[in-house]
Amino acid sequence: MADTRSASSLHPLYRADQVRELDRRTIAAGIEGFALMQRASAAAWQVLRARWPEVRSLTVLCGAGNNGGDGHVLAALAAAEGLAVQRVLLKGSDELAGDARRAADMATAAGVAAEPWEAGMALRGELLVDALLGTGLSGEVRGAFREAIAAVNASGRPVLAIDIPSGLHADTGAVLGEAVKASATVTFIGDKLGLYTGAAADHVGDRVFRDLGVDAAAEADLDPAARLLEARLVDAWLPPRPRAAHKGDCGHALILGGAPGFGGAALLAAEACARLGAGKVSLATAPAHVTASLVRRPEVMAHGVRGAADLDGLPALANALVVGPGLGQGSWGQAMLQAALDADRPLVVDADGLNLLATRFAGLQRDGWILTPHPGEAARLLGIGAVEVEADRPAAVRALRERWGGVVVLKGAGTLVAGPEGVAVCPFGNPGMASGGMGDVLSGMLGALLAQGLPLEVAARLGVLLHARAADLAARDAGERGLLAGDLASYARILVNPTMGKDDAAATR
């Protein structure tokens, strides 16, 4: 059985208020606030020099508060190393207080001139440093700050964001009107959930975390807002099979889907299920699709089903069920979904299965299923708009789990998995996955893991991880554009075999 204990050791992600509390406790324990600011700036400077060693000039844009203070100290460090530094102030030194004022005075003493922000001003550095707005931002960016962010994005030059790209919500990954598009982001003390999901994918660039000597895990009362899925979990959660294993030991999965005219989706799910190691895979689909299914994948046991009566007890023979790919919302799809619900087996519900839940099973809740909505389906399940879902993806996935039970996978950039152990975030995946059938493949992978006996939440986390990493390997070999859902199954097969793909796992760990 998979080792579920490793889930609690996953890299923690925090909300902004939790990181501020960590900061407060660290200062209360005896580390001066300005000393902590100097540590942050030194860490950012090290990242800058390691990534852009050839750069000889910087533009550092500084706002108010500690984020701006980090920028002032970094400007002083860069000047001390002989770089030409343009320091642009969105708030004058006379408007600063505390550590931020002290940092600004440090930069001035180091000989770094201060230039007040003016719309249309030239940003002269080869590299821009974003120290405009920190994690405390909650409302929409306006005025001079919005102008400065737009100028940074229009510059065409690389950008290092300090702690978070200005304008990005630290808890949700939503853009608050306008946000810096960074080449890299170095963040401190506690890693932020908002750097890993939603619109963050287009703004953070490469993420670098530095704890500055603060052990967040030692604060037992600060439960992480989420945890980060890691490549190493594949071997931890899916160990090698016994040498005497036979197909009966590896589970039987049943895919219910493929209404007339929609057979491809169900077949994609069935093939992915087989490639991830289910001992037997059955497919209940419209009779018209059986021949094509046998030609495409003869290992899948395809059954032509005109209605629930034709299932003839098949759901009861399976260890896990997947319902939804190509299901449709007509009478055929409704009958298949009802049969899956009646079977009392671990269940994955996707696509039109989710739409039918929203419209015909509004009061239903159960523990034994994995729901896999994209933002539009999530909106229907919650009775809100898709824009609201994307504005706060972590809140949406928690609400879905509370409303429907079980484990919920909210798909999209930075896929979220919510279960009894909390929320997990997938940092893998690429834009090539924006093509038809990707969700069908994921549902088949989840069905395979459930059929092999993995607990619901472990199966959901592992399936999401494998799905995204398989897409990354496929994109590495042939590019993102033109990536097809059917490409993923063979790469996922490599990843689930412990003797294969280890170099790839290490490279993306």
*Note, L473 side chain near L495 side chain (heavy atom, < 4.5 Å)*: yes
*asked:* Suppose we screen for side-chain hydrogen bond (donor to acceptor under 3.5 Å, both in side chains). Which residues come up paired with D215, at least two apart in sequence or across chains?
replied: none
_Could you check whether any side-chain N or O of W404 sits under 3.5 Å from a backbone N or O of L381, counting only pairs where one atom can act as donor and the other as acceptor?_
yes
*Student check: side-chain heavy atoms of V234 and L462 closer than 4.5 Å*: yes
*Identify, with sequence neighbours excluded, every residue that meets ring-ring contact (aromatic ring centres under 6.0 Å, His included) alongside Y491.*
none
*asked:* For the backbone of G376 and the side chain of H374, can you confirm whether one donor and one acceptor N or O come within less than 3.5 Å of each other?
replied: yes
*Ignoring hydrogens and geometry, is there a side-chain-to-backbone donor-acceptor pair from Q338 to Q334 under 3.5 Å?*
no
*Nearest heavy-atom pair of L465 and C426: which atoms, and what distance?*
CA-SG, 4.4 Å
*Just how far is it from atom CG of D352 to atom CZ of F262, taken to the nearest 0.5 Å?*
8.0 Å
*Can you check whether V281 reaches C273 side chain to side chain, under 4.5 Å on heavy atoms?*
yes
*Okay, side chain of N497, backbone of I494: is any donor-acceptor separation there less than 3.5 Å?*
no
*Under 3.5 Å, side chain of S41 to main-chain N/O of Q38, donor-acceptor pair present?*
no
_So which atom in G419 and which in V407 form the shortest heavy-atom distance, rounded to 0.1 Å?_
CA-CG2, 4.2 Å
*Given side chains that start at C-beta, do those of R20 and R15 come closer than 4.5 Å, heavy atoms only?*
no
_Looking at D472 and G429, would you say the former's side chain and the latter's main chain have a donor-acceptor pair under 3.5 Å?_
yes
*Looking only at heavy atoms, which two atoms of A199 and V175 are closest? And how far apart?*
CB-CG2, 3.8 Å
*Can you tell me if T285 uses its side chain to pair, donor with acceptor, with the backbone of G258 under 3.5 Å?*
yes
*asked:* Determine whether R469 and L466 satisfy the following criterion, side-chain contact (heavy atoms from CB on, under 4.5 Å), listing intermediate values before the conclusion.
replied: CA-CA 5 Å; R469 290 210 60 239; L466 289 167; 6.0 Å; no
*asked:* Tell me if the CZ atom of R360 is crowded by more than 12 foreign heavy atoms within 6.0 Å.
replied: no
*So do the side chains of P224 and Q18 get within less than 4.5 Å of each other, counting heavy atoms only?*
no
*For residues R345 and N319, is any side-chain donor paired with an opposing acceptor at under 3.5 Å?*
no
*Just wondering, do I370 and L347 contact through their side chains at under 4.5 Å, heavy atoms?*
no
*Apply side-chain contact (heavy atoms from CB on, under 4.5 Å) to L176 and list each qualifying residue two or more places apart in sequence or on a separate chain.*
L137, H169
*List the steps, then state whether side-chain contact (heavy atoms from CB on, under 4.5 Å) holds for V409 with R461.*
CA-CA 9 Å; V409 174; R461 291 180 171 189; over 6 Å; no
*Distance in Å, D487 CG paired with S435 OG, rounded so as to fall on 0.5 Å steps*: 8.5 Å
*Measuring from L233:CG to E230:CD, what's the distance to the nearest 0.5 Å?*
6.0 Å
*V425 and L193: CA distance, side-chain angles, deciding distance, side-chain contact (heavy atoms from CB on, under 4.5 Å) verdict*: CA-CA 8 Å; V425 186; L193 172 55; 3.6 Å; yes
_Atom pair OG1 (T415) and CE (M433), whose distance is rounded to the nearest 0.5 Å_ = 7.0 Å
*Give a yes or no on this: more than 12 heavy atoms of other residues, nucleotides or ligands lie within 6.0 Å of atom CG of D344.*
no
*asked:* Rounded at 0.5 Å granularity, tell me how far CD in Q452 sits from CG in L276.
replied: 7.0 Å
*Measure from the side-chain N and O atoms of T185 to the backbone N and O of V204, and report whether any donor-acceptor pair falls under 3.5 Å.*
yes
*Closest approach of L321 and A343, non-hydrogen atoms and distance?*
CD1-CB, 3.6 Å
*Do the side chain of D130 and the main chain of S166 share a donor and acceptor less than 3.5 angstrom apart?*
yes
_All pairs passing salt bridge (charged side-chain N to carboxylate O under 4.0 Å, His left out) where residues 182-203 contributes a residue, at least two apart_ = D163-K192
*Charged N to carboxylate O under 4.0 angstrom, R398 versus E402?*
no
_From R207 atom CZ to L195 atom CG, the distance as rounded to the nearest 0.5 Å_ = 7.0 Å
*Considering all heavy atoms of both residues, which atom of R227 and which atom of L10 are nearest to each other, and what is their separation?*
NH1-O, 2.6 Å
*Taking all atoms of both residues into account, what is the closest heavy-atom pair of V141 and G167, and its distance?*
CG2-CA, 3.7 Å
*Tell me, please, which residues at least two apart from T372 pass side-chain hydrogen bond (donor to acceptor under 3.5 Å, both in side chains).*
D350
_Quick check: do V441 and E271 have side-chain heavy atoms less than 4.5 Å from each other?_
no
*Give a yes or no answer on whether the side chain of H203 reaches the backbone of I164 with a donor-acceptor pair at less than 3.5 Å.*
no
*Among pairs that include at least one residue of residues 243-255, which meet side-chain hydrogen bond (donor to acceptor under 3.5 Å, both in side chains), considering only residues two or more places apart or in two chains?*
H246-D249, H252-S282
*asked:* Ring-plane angle category for H11 and F209, please: parallel below 30°, perpendicular beyond 60°, tilted otherwise.
replied: perpendicular
_Within the 4.5 Å heavy-atom criterion, are L488 and L442 side-chain neighbours or not?_
no
*Using the side-chain contact (heavy atoms from CB on, under 4.5 Å) rule, take E377 and N355 through it: C-alpha gap first, then chi angles, then the decisive distance, then the call.*
CA-CA 7 Å; E377 292 159 346; N355 292 325; 3.9 Å; yes
*Mark yes or no: R210 above the aromatic ring of F188, with NZ or CZ under 6.0 Å from the six-membered ring centre and no more than 45 degrees from the axis.*
no
